[in-house]
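One structure below.
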Number of protein chains: 4
Amino acid sequence: MPDTPIESMQDIPPRRSSAGPHRSQASAEAILDAAEAVLNEAGYAGFSIEQVAKRAGAGKPTIYRWWSGKAALLLDVYARQKLVLDGGDTGTLEGDLVALIRGLWRFWRETSAGGAFRSIIAEAQSNPTALVALRSFMTERLYHVVEIFERASDRGELAPELDIDTALDIVTGYLWVRTLTGRIEDDPETIATAVRQMTRGIVRR
Amino acid sequence: MPDTPIESMQDIPPRRSSAGPHRSQASAEAILDAAEAVLNEAGYAGFSIEQVAKRAGAGKPTIYRWWSGKAALLLDVYARQKLVLDGGDTGTLEGDLVALIRGLWRFWRETSAGGAFRSIIAEAQSNPTALVALRSFMTERLYHVVEIFERASDRGELAPELDIDTALDIVTGYLWVRTLTGRIEDDPETIATAVRQMTRGIVRR
Amino acid sequence: MPDTPIESMQDIPPRRSSAGPHRSQASAEAILDAAEAVLNEAGYAGFSIEQVAKRAGAGKPTIYRWWSGKAALLLDVYARQKLVLDGGDTGTLEGDLVALIRGLWRFWRETSAGGAFRSIIAEAQSNPTALVALRSFMTERLYHVVEIFERASDRGELAPELDIDTALDIVTGYLWVRTLTGRIEDDPETIATAVRQMTRGIVRR
Amino acid sequence: MPDTPIESMQDIPPRRSSAGPHRSQASAEAILDAAEAVLNEAGYAGFSIEQVAKRAGAGKPTIYRWWSGKAALLLDVYARQKLVLDGGDTGTLEGDLVALIRGLWRFWRETSAGGAFRSIIAEAQSNPTALVALRSFMTERLYHVVEIFERASDRGELAPELDIDTALDIVTGYLWVRTLTGRIEDDPETIATAVRQMTRGIVRR
DNA sequence: TATTAATCGAGACGGTACGTCATGTCTTGTA
DNA sequence: TACAAGACATGACGTACCGTCTCGATTAATA
């Protein structure tokens with residue numbers, strides 16, 4: 001679930017050819033900064049467009065001009081955070097996955113990304129647009145996991161009949177259930193156990 | 001994540017020793033019926049206490065008297081649905097899990113339980129009380145999965161070093177990520193694949 | 001505007017001849033005590049049947065069984081206060097009136113009667129029953145003023161063509177406008193001036 | 001208690017120096033129209049902000065943005081009525097006062113002002129803000145009576161030692177006690193008698 | 001250099017829902 | 001069978017946001 005500077009859900013509008021001011025960039029940043037701050041301070045419960053606008057010194061219409069609603073704004077808040085996954089290739093699938101999970105959870109814990117992400121999932125339960133966004137978002141952002149699987153495949157670690165999409169669902173599921181229930185502490189034991197069970201299975205071999 | 005008629009989040013208060021009126025059973029049922037209907041028709045986005053009250057022909061104070069808010073109400077809507085898991089013992093861990101998942105997803109698809117459940121998760125992201133409720137709810141409801149694991153253990157199917165809690169997180173995670181992204185169709189292939197990977201692992205053996 | 005133990009707006013029901021408990025008297029008193037206390041502590045704004053019932057340790061239906069609503073209860077609270085007008089006959093109309101007003105205002109200031117009375121007037125503006133009650137109440141309670149006028153008449157102080165009802169309206173009006181705007185301090189100067197103007201008129205003689 | 005187009009209790013806010021939206025005049029008028037209609041049709045008992053909002057096709061927050069509550073709204077309903085006092089100078093104090101009272105009572109009877117006024121007094125009994133408003137309202141609106149007294153003074157009609165404030169209380173009191181008990185019919189006899197007693201006094205001269 | 005037009009901040013608007021309070025009536029169980 | 005206790009339907013309270021709308025002020029490319 002790595003992070004890259006992909007395009008935000010709703011792009012900054014193209015420069016108009018003719019005339020007009022375009023403080024857009026500055027404004028957009030102020031808004032995202034404010035959104036992040038509000039999310040950090042008040043949580044998803046206190047996250048309202050109204051608060052963000054006030055904090056950003058922006059008008060509500062300015063926000064609505066560029067983002068379709070809460071979900072889109074949250075998605076951009078998430079997207080803006082730079083995920084740095086130090087752990088490169090550890091040489092084994094299990095090592096890579098443990099490193100990934102630890103890095104990702106640290107990222108979620110230490111930035112606004114965690115709150116944003118949980119908020120997006122929540123939003124997606126009542127907002128079809130957010131659901132669509134969440135799904136494509138998932139796919140896009142999973143490429144680091146995909147990479148890990150590809151490396152493992154090259155090493156010949158993977159079962160030949162493995163279905164990658166299903167594997168991704170399993171890994172994603174574990175990540176989600178832990179965040180959504182507020183349990184993403186950095187406990188290497190727990191993570192290692194989970195990874196071992198996902199990779200080696202739970203049955204006697 | 002099996003379902004049994006456990007006590008609802010907010011129980012009917014104990015009979016007072018002296019005198020006094022009691023909770024109106026009729027009212028409570030009308031409210032839960034209405035909640036279910038509203039949830040089915042308008043989804044979580046349109047699920048408001050106000051609507052439920054109007055639909056139930058009840059007063060808002062009556063709802064707030066017995067439920068602390070949306071989350072508690074949703075929990076009861078979920079709890080009221082009777083989950084019938086036909087598949088008993090199929091003889092193997094994989095068989096049991098496939099049966100469980102198929103049964104549970106059918107239940108989620110065919111009753112209001114699915115919507116209620118997703119709503120509860122969403123609510124828990126902005127409401128600490130709901131989060132607490134969700135967690136204990138999870139624990140309580142997982143005993144069917146626990147049972148399956150115990151049968152598997154008796155058969156000697158499980159790896160000796162297995163950590164049950166982690167296994168539950170993995171299974172739960174898979175269930176959640178599929179519902180939350182709206183993919184709980186009854187596709188035996190997909191489910192079987194997922195179960196195979198969770199039990200046997202994804203690495204070459 | 002003197003006070004006498006007249007019947008309350010809604011009488012205590014007669015003792016039943018046959019059977020059953022009849023705590024009525026004790027209950028009624030507890031309710032009136034509570035009503036008075038609530039009125040004193042929370043004012044008319046905080047005066048609710050609910051509060052009175054809770055304070056009295058009575059059920060709301062018990063209150064409604066004997067009083068038709070707030071207005072009736074307030075009327076009884078007022079009626080229960082014993083107005084003691086020390087000033088008897090001062091020998092002049094002006095002296096009698098000053099003594100009456102000072103005594104009455106002291107009574108209003110020092111008991112719940114003042115609050116009750118203002119509350120009744122307020123209630124009468126939205127409640128026709130209360131209005132009727134207020135009017136008959138006025139008439140009944142003015143007999144002390146009437147007495148004063150009669151004594152003055154015997155002394156030959158009054159203008160022969162005087163219309164008593166109008167005179168009562170004027171005196172009452174002065175009393176009301178002062179209470180209703182919260183100005184019933186015991187300032188003998190002010191009162192004396194007002195009485196002088198009401199009796200002698202405001203034109204040069 | 002004359003009426004003139006003074007500023008309403010809550011004025012239209014001053015133009016901000018820079019930019020921004022302004023109060024919608026149309027909205028304000030719709031709200032006051034609705035308030036008047038509701039007051040006329042349902043009386044003070046049925047006068048709720050909710051009803052006014054519904055009737056005006058306005059949102060409740062819009063009402064609360066510009067008026068602090070019922071009292072303020074009622075005050076504006078009153079203030080909006082144009083009191084036309086035809087009777088100018090009749091040449092005598094008594095004549096002027098009779099004309100004033102008849103004109104004022106007609107005004108109260110024929111417009112919503114009467115109901116609004118009584119409602120304001122009622123409201124003031126439970127709402128301290130309303131009480132303050134009522135008091136300053138009284139003072140402001142009495143200038144017509146003051147004028148009458150000044151003319152009388154110029155004519156040399158008044159007793160030299162007369163205290164104007166007290167005289168105003170007496171006249172006001174008479175006006176209030178009659179409205180509050182629902183007796184403001186246009187009976188010239190009654191009014192003339194009352195005025196004669198207030199001006200000439202009730203004692204033999 | 002002046003004109004022009006898109007955006008900006010600000011915030012009012014009609015709404016919906018919130019969670020609380022009081023009303024007056026109904027019901028239950030105790031004494 | 002009268003009472004306390006309190007649940008009930010109703011409906012108003014005052015507040016928070018929603019997403020849309022109108023203002024003037026600002027500003028930069030076009031003319």
Side-chain angles (χ1 to χ4, degrees), chain A residues 13 15-24 26-27 46-51 53-54 56-66 68-70, chain B residues 13 15-24 26-28 46-51 53-54 56-66 68-70, chain C residues 13 16 18-24 26-27 46-51 53-54 56-65 68-70, chain D residues 13 15-24 26-28 30 46-51 53-54 56-66 68-70:
Chain A
R15 294 293 168 91
R16 269 151 291 96
S17 57
S18 63
H22 30 51
R23 277 204 30 205
S24 7
S27 226
F47 184 83
S48 69
I49 298 281
E50 204 118 320
Q51 281 305 309
K54 176 170 293 180
K60 281 201 287 173
T62 305
I63 297 182
Y64 282 105
R65 196 169 304 122
W66 292 349
S68 63
K70 274 193 198 191
Chain B
R15 290 298 163 92
R16 268 148 281 97
S17 56
S18 63
H22 309 308
R23 176 175 193 173
S24 154
S27 221
F47 184 82
S48 71
I49 299 280
E50 205 119 324
Q51 278 308 307
K54 175 169 297 179
K60 278 198 291 172
T62 302
I63 297 183
Y64 282 105
R65 201 185 339 271
W66 299 112
S68 62
K70 277 191 196 189
Chain C
R16 268 150 294 94
S18 63
H22 31 50
R23 278 204 29 203
S24 11
S27 225
F47 184 83
S48 68
I49 299 281
E50 203 118 319
Q51 281 305 308
K54 176 169 296 180
K60 281 200 288 173
T62 307
I63 297 183
Y64 282 105
R65 194 169 306 123
S68 62
K70 273 193 198 190
Chain D
R15 290 297 163 94
R16 268 150 279 97
S17 57
S18 64
H22 309 306
R23 177 175 192 173
S24 154
S27 221
F47 184 82
S48 72
I49 298 280
E50 206 118 327
Q51 279 307 307
K54 177 170 295 178
K60 277 199 290 173
T62 301
I63 297 183
Y64 282 106
R65 198 180 346 264
W66 300 110
S68 62
K70 277 191 196 189

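What's counted below: heavy atoms across the whole structure, side chains too, no hydrogens, waters or symmetry copies. Here is how names work: the chains are called A, B, and so on, in the same order as the sequence lines, proteins then strands, and each is numbered from 1.
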Taking all heavy atoms of [X] and all of [Y], pick out the closest pair and write down the distance.
X	Y	value
B:Q51	B:G46	CG-O, 4.2 Å
D:G59	D:A53	C-CB, 4.3 Å
D:A56	D:A30	CB-O, 3.6 Å

Taking only N and O in the side chain of [X], is any of them less than 4.0 Å away from OP1 or OP2 of [N]?
X	N	result
B:T62	F:dA7	no
D:W66	E:dG11	no
D:H22	E:dC13	no
C:R65	F:dA2	no
A:S27	E:dG9	yes

Categorize B:A58 for me: base, sugar-phosphate, or nothing, with a 4.0 angstrom heavy-atom threshold over every strand shown.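 Sugar-phosphate, no base atom in range.
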Sequence neighbours excluded, which residues qualify as salt bridge (charged side-chain N to carboxylate O under 4.0 Å, His left out) partners of D:K70?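 D:K70: no salt bridge (charged side-chain N to carboxylate O under 4.0 Å, His left out) contacts found.
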Starting at the 5' end of DNA chain F and moving along, which residue's nearest nucleotide shows up first, B:A56 or C:A56?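 The residue closer to the strand's 5' end, by nearest nucleotide, is C:A56.
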Does D:T62 have any side-chain contact (heavy atoms from CB on, under 4.5 Å) partners at least two apart in sequence or in another chain, and if so, which?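 D:S27, D:I31, D:R65, D:W66.
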Could you run through nucleotides 12-19 of chain F and give me one letter per nucleotide, 5' to 3': B if any protein heavy atom sits under 4.0 Å from the base, S if only the sugar-phosphate is that close, - if neither? SBBBBSBB
